[in-house]
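Written out below as structure tokens is the structure these notes cover.
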Amino acid sequence: MGFSPHLGSDSGLHRRECRRLTQRTVVWCVSLCVLFSLAVVGIWYGVRAVTPQPLPLGTGTNPASAVTVQQAISLPASGREPVIGVVATFGDDAEGSAWRLNAQGARVAQYRLALGNSSVKVLYANDKGTEQGAREAVEKLSSEGALGIVLASRGEHLRGATAAAKERNVAVIEAYDRVDAGDGVWSFALDPEQEKQIYTTAIRSLARASSGASSTGSSQQLDGVRTILLDAGEGSAPDLPYTNRVQVSADEDSMKHTLKELTRLLGDKSSGSSPILVLTGSASTQAKVLRSLQRAGITSPVIAGEEALTEPFMRLLLENGGSLTDNIRVVGRVQARAAALSADDAGRASAAFVSTVERMKNDSSLKDLSGEQAFSKSAAWADAPSHNALLAFAYATSQVREYTPEAVRRVLGTLRLDAKDSTVAYPLDFSSSYAAGGQVGLLYPTAEASMIQGGSSSTDAVNPPVWMLRTFTSESRD
């Protein structure tokens, strides 16, 4: 029988080798776990490094101004729910009715205040687009306890509202117009002199860009620049030295005559510069005129009125093949969705507004200011002016000792609000009757508006464009 004298030592070597293998296995497993943990931690920090983080007050590159604005807005507790009125216009052909959906920005402000446990009661009234209707709307809201009133419409009929408000010593904020500004009436519109300066600079800039010719005169004059006012007689044209004035109408026969006259004027090359068209009128008239110009192949630069920022204008323009071409501009203030793209304080405040609108749009239970329609039908058009107006009144009511319209009016006149107070797109300074600050210039569409398949006549059938801003001056009353 064969017997190996080394059998016992082989067994010992085998056991020692197994122990060494086991130790190496443990070391490898531990090493892999450590490496995996380090990788996870590295990925976490890497993701955190590229993910925008909220900036608390007093941090960032500019500690004095860095702020974080959340969707919720909280005001000092007063123990009472203030009442604020909103006047808008209903009726397809009523003056100011184009702004009815824009006015839902006030609904967004009300929602944000409720999120912050600072709820306000909002009373809603229809002024019917008439001076008497505007007066009655303010009288009704005042009698029901409104401490301040937002006029979320546009047009001369608002004189009835401002007159009634002054009689009752109730403060009003005109979100979209400047009728009778002063003496308890504040406006977010451009003041006339500011508007004239912006129009003048914008026209000269467009003339240079379209013709390549250098115009003479200072930046505050129109010498050497041909301007043609297309006046529908329904809007307020800026006071400028127009080269020509052409009365326009949406009527088909009148439009044919307008196009013939306009073609003749555009064919005059004696000045050597390309003319700039300035368009005024109601939203529906401006949309129909622009659509006719496009069909006629007229591509001269057009500065449309602020009605181009409304749903009726966009819907009527897009119907029957019209479009927001790159020659259409609007003189105005920076818009919420454009402001939300910037990384500064105003951008974060505007982003909070935009995200709140999206949140509200996705909640089918939420109604608009009327309490009858789903908010989602107007969500895309809710804007900064009406939001900021209601918010300003909420701040004023939170600081009064007496819950009276007179007290709110006095406090409102002392307010200065900006991004840290959740104003959207621009700051407010109520020491001036023209309370809105921020950047002003030429607005131009960068994302094409579109009709949502399913109906061109419903109020939720249009996607608005994003209106970006090209500035010539920067107005800020900080």
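Keep in mind that the numbers below use all heavy atoms, side chains included, and drop hydrogens, waters and symmetry copies.
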Any donor-acceptor N/O pair, Q286 side chain to G281 backbone, under 3.5 Å: yes
Pair R112-F353, side-chain contact (heavy atoms from CB on, under 4.5 Å): steps then yes or no: CA-CA 9 Å; R112 297 180 69 188; F353 169 81; 4.1 Å; yes
Beyond-backbone contact of V122 with L369, side-chain heavy atoms, under 4.5 angstrom: yes
Spatial distance of atom CZ (R204) from atom CG (L206) [nearest 0.5 Å]: 12.0 Å
Heavy-atom check, side chain of F430 versus side chain of T414, under 4.5 Å: no
S350 (side chain) donor-acceptor with G347 (main chain) under 3.5 angstrom: no
Test: K196 and E193 ion pair at under 4.0 Å: no
Test item: N362 side-chain N/O and E358 main-chain N/O as donor-acceptor pair under 3.5 Å: yes
Between OG1 on residue T89 and CG on residue N126, distance to nearest 0.5 Å: 6.5 Å
Note: E95-R154 ion pair, threshold 4.0 Å (strictly below): no
Side-chain (S432) to main-chain (A435) donor-acceptor, under 3.5 angstrom: no
Salt bridge flag under 4.0 Å for residues R135 and E131: no
Quiz item: cation-pi between R333 and Y426, 6.0 Å / 45°: yes
R295 CZ: over 12 foreign heavy atoms closer than 6.0 Å: yes
Given L415, V411, V408, the one that forms side chain to side chain contact (heavy atoms under 4.5 Å, CB included) with F393: V408
Residue of the set N388, N102, T310 for which side-chain hydrogen bond (donor to acceptor under 3.5 Å, both in side chains) holds with D383: N102
R264/E261 ion pair, N-O < 4.0 Å: yes
Donor-acceptor under 3.5 Å (Y124 side chain, G371 main chain): no
T243 side chain vs T227 backbone, donor-acceptor pair below 3.5 Å: yes
Ion pair K166/D180, N-O distance below 4.0 Å: yes
Cationic N near anionic O, under 4.0 Å, R100 to E311: no
Over 12 foreign heavy atoms within 6.0 Å of CG, D344: yes
side-chain contact (heavy atoms from CB on, under 4.5 Å) evaluation trace for T162 with D183: CA-CA 10 Å; T162 57; D183 189 23; over 6 Å; no
Atom NZ of K256 with >12 non-hydrogen neighbours under 6.0 angstrom: no
Separation of T285 OG1 from L316 CG (nearest 0.5 Å): 9.5 Å
Test applied, side chain to side chain contact (heavy atoms under 4.5 Å, CB included); reference residue, E174; option that passes from V87, L151, V150: L151
Gap separating the OG1 atom of T299 from the CD1 atom of I328, nearest 0.5 angstrom: 11.5 Å
Pair Y176-E306, side-chain contact (heavy atoms from CB on, under 4.5 Å): steps then yes or no: CA-CA 9 Å; Y176 307 110; E306 287 188 276; over 6 Å; no
